[in-house]
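One structure is given below, encoded as structure tokens.
Labels below follow one simple rule: chain letters A, B, ... track the order of the sequence lines, proteins then strands, and each chain is numbered from 1.
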Amino acid sequence: MLNLEHTINSGQVFLWERYGNKWYGIHGDDVLLVDQSNPEIVVSYSGEKYDLFRQSDNFNKVIREIAKDVIIKEATKRFAGMRLLRQDPFQCYISFIVSANSNIQNIRLSLYKLAKKFGKKVRFNGKEFFLFPDAKKISSASISEISSCGLGYRTKYVHAASEAVRSGAIDLELLKKSDYHTARDELCKIDGIGNKVADCIMLFSLEKTDAFPLDRWMLRALHNYYPGRFTVDESLTERRYHILHDELREYFGAYAGYCQQFLFKMIRDSNQKRW
DNA sequence: TCGGCACCTGCCTA
DNA sequence: ATAGGCAGGTGCC
């Protein structure tokens, strides 16, 4: 049974709000509604259909494949029903550029401000929402307008990254069809995107279930749960990031990204971090 | 290739 | 109360 609380409050997505059993989320130029009492059904503002929860992955098979050891078995049991979301690529791309060296509360606040300032206002089920602005909208905004959303030094990254999408210098739809390494190399050409942010964008919106974002929490998780098992150093240089990523990909397999999500959820929860 | 450091902002802690 | 620390990193030297 799909669990919305675990899925949405696991750091993979930011612009969702809960109203009782119902959750509303901004999904690019659309608003989505899901209900814990019938979570498989995704209702959208536009009427468009989405496979938001990656039902096409065959979740039971994924769990069987990634359950390599007692740690992952425990995590999948404790957070049963958590899924990876298939997000809107551009919103995901901007979201994780904004996430760098920040925290969940700040990230959410900045993204809300960005949507409120530049996104179209719509009413859905009597509630007001701001859609996520597109690349054209953000790239044509001024630096000071973008900066007013509290992005700090990430302002110039968000502006240039939007321009790169608008101009076609980077094509997110094309990257869905590319292999992992090609997509990663393309993303890392964008200022403000390094290995970790690229992995997030790929895992959450570009169909790369073998992307495995490595951040300070994941290093902590690997250190605690797999002492000595992988090549984990205090700091991750470019080289060490790739070595560790390869080890994890090799060990956990083609759905390694699901493992990252479970381990991230588990280590954050055990440190009582808020979402 | 590696280590060290600066960096917006806002919340949290001592 | 208020300075200093820290946050899902990245770029530059």
Side-chain angles (χ1 to χ4, degrees), chain A residues 6-16 75 79 82 84-85 87 91-114 116-117 142-161 164 170 184-205 208 211-225 231-246 248 256-275:
Chain A
H6 290 163
T7 299
I8 293 167
N9 288 336
S10 60
Q12 55 177 319
V13 73
F14 303 100
L15 294 179
W16 283 75
F79 304 107
M82 188 173 75
L84 280 179
L85 294 177
Q87 298 181 37
Q91 181 177 335
C92 188
Y93 167 83
I94 297 300
S95 296
F96 283 93
I97 290 173
V98 169
S99 79
N101 193 27
S102 186
N103 57 64
I104 304 256
Q105 281 80 3
N106 268 355
I107 300 162
R108 181 175 285 123
L109 184 63
S110 291
L111 293 173
Y112 270 116
K113 286 181 179 172
L114 214 46
K116 183 165 187 186
K117 189 164 184 72
S142 71
I143 292 295
S144 66
E145 282 178 304
I146 299 172
S147 178
S148 72
C149 299
L151 303 184
Y153 61 85
R154 304 169 197 81
T155 298
K156 57 185 181 296
Y157 298 152
V158 167
H159 185 261
I170 188 162
R184 185 186 69 195
D185 290 348
E186 286 301 307
L187 287 168
C188 286
K189 288 178 185 167
I190 303 296
D191 237 18
I193 300 183
N195 288 306
K196 188 272 172 182
V197 169
D199 268 333
C200 287
I201 298 166
M202 289 191 286
L203 178 59
F204 303 137
S205 74
K208 306 293 181 279
F212 197 114
L214 293 168
D215 54 36
R216 55 184 91 197
W217 284 101
M218 199 47 49
L219 294 184
R220 211 169 299 181
L222 294 174
H223 181 76
N224 287 352
Y225 303 145
T231 313
V232 179
D233 288 279
E234 288 180 17
S235 70
L236 277 185
T237 63
E238 178 81 5
R239 188 180 129 80
R240 291 206 281 252
Y241 192 102
H242 296 323
I243 290 172
L244 180 54
H245 192 282
D246 287 350
L248 293 163
Y258 274 93
C259 294
Q260 186 274 348
Q261 204 56 31
F262 281 106
L263 293 175
F264 184 75
K265 177 72 175 166
M266 188 155 71
I267 189 73
R268 294 266 312 191
D269 269 27
S270 64
N271 284 74
Q272 291 154 1
K273 299 300 286 187
R274 291 194 293 127
W275 304 100

With rounding to whole Å, what would you report as the distance between dG4(C) and dA6(B) at their P atoms?
15 Å
May I have the distance from Y157(A) (atom OH) to dA6(B) (atom P), rounded to whole angstrom?
15 Å
Using ring centroids (six-membered ring only for Trp), state whether Y112(A) and F14(A) fall under 6.0 Å.
no
Establish, with yes or no, whether the OP1 or OP2 oxygen of dC2(B) is under 4.0 angstrom from a side-chain nitrogen or oxygen of T237(A).
yes
Please confirm whether the shortest side-chain N or O distance from R274(A) to OP1 or OP2 of dC11(B) is below 4.0 Å.
no
Test: D269(A) and K265(A) ion pair at under 4.0 Å:
yes
N195(A) atom CG is separated from dG9(C) atom C1', nearest whole Å, by 10 Å
Without decimals, in angstroms, what is the distance between L114(A) CG and dC8(B) P?
18 Å
Tell me the interatomic distance from Q105(A), atom CD, to dT13(B), atom P, rounded to whole angstroms.
11 Å
Using purine N1 to pyrimidine N3 plus N6-O4 or O6-N4 for Watson-Crick, or N1-O2 and O6-N3 for G-U wobble, both under 3.5 Å, which nucleotide pairs with dC11(B)?
dG5(C)
Closest to the D191(A) side chain, choosing from dG3(B), dG10(B), dG11(C):
dG11(C)
Do N106(A) and dT9(B) share a donor-acceptor pair, side chain to base, under 3.5 Å?
yes
Phosphate oxygens OP1/OP2 of dT10(C): is one of them under 4.0 Å from a side-chain N or O of R216(A)?
no
Whole angstrom is fine here: how far is it from OH in Y241(A) over to P in dG11(C)?
13 Å
Looking at R239(A), I'd like to know whether one of its side-chain N or O atoms comes within less than 4.0 Å of OP1 or OP2 on dC2(B).
yes
Going by the angle between their ring planes, with limits at 30° and 60°, are Y153(A) and Y157(A) parallel, tilted or perpendicular?
perpendicular
Among dG9(C), dC8(B), dG3(B), which nucleotide has an atom closest to any side-chain atom of A100(A)?
dG9(C)
Among dG11(C), dC8(B), dG10(B), which nucleotide sits nearest the side chain of L109(A)?
dG10(B)
Roughly, in whole Å, what's the span from CD in Q272(A) to C1' in dC12(B)?
15 Å
Would you say D199(A) and Y241(A) are linked by a side-chain donor-acceptor pair, where the criterion is simply a distance under 3.5 Å?
yes
I'd like the C1' distance from dT10(C) over to dC11(B), given in whole Å.
22 Å
Can you tell which of dC7(B), dG3(B), dT9(B) lies closest to the side chain of N101(A)?
dC7(B)
Exceeds 12 heavy-atom contacts within 6.0 angstrom, atom NE2 of H242(A)
yes
Distance-only donor-acceptor test, Y153(A) side-chain atoms vs dG9(C) base atoms, 3.5 Å
yes
Separation of dG11(C) atom C1' from L236(A) atom CG, nearest Å, is 16 Å
Rounding to the closest angstrom, what is the interatomic distance between dG9(C) and dT1(B) at atom P?
24 Å
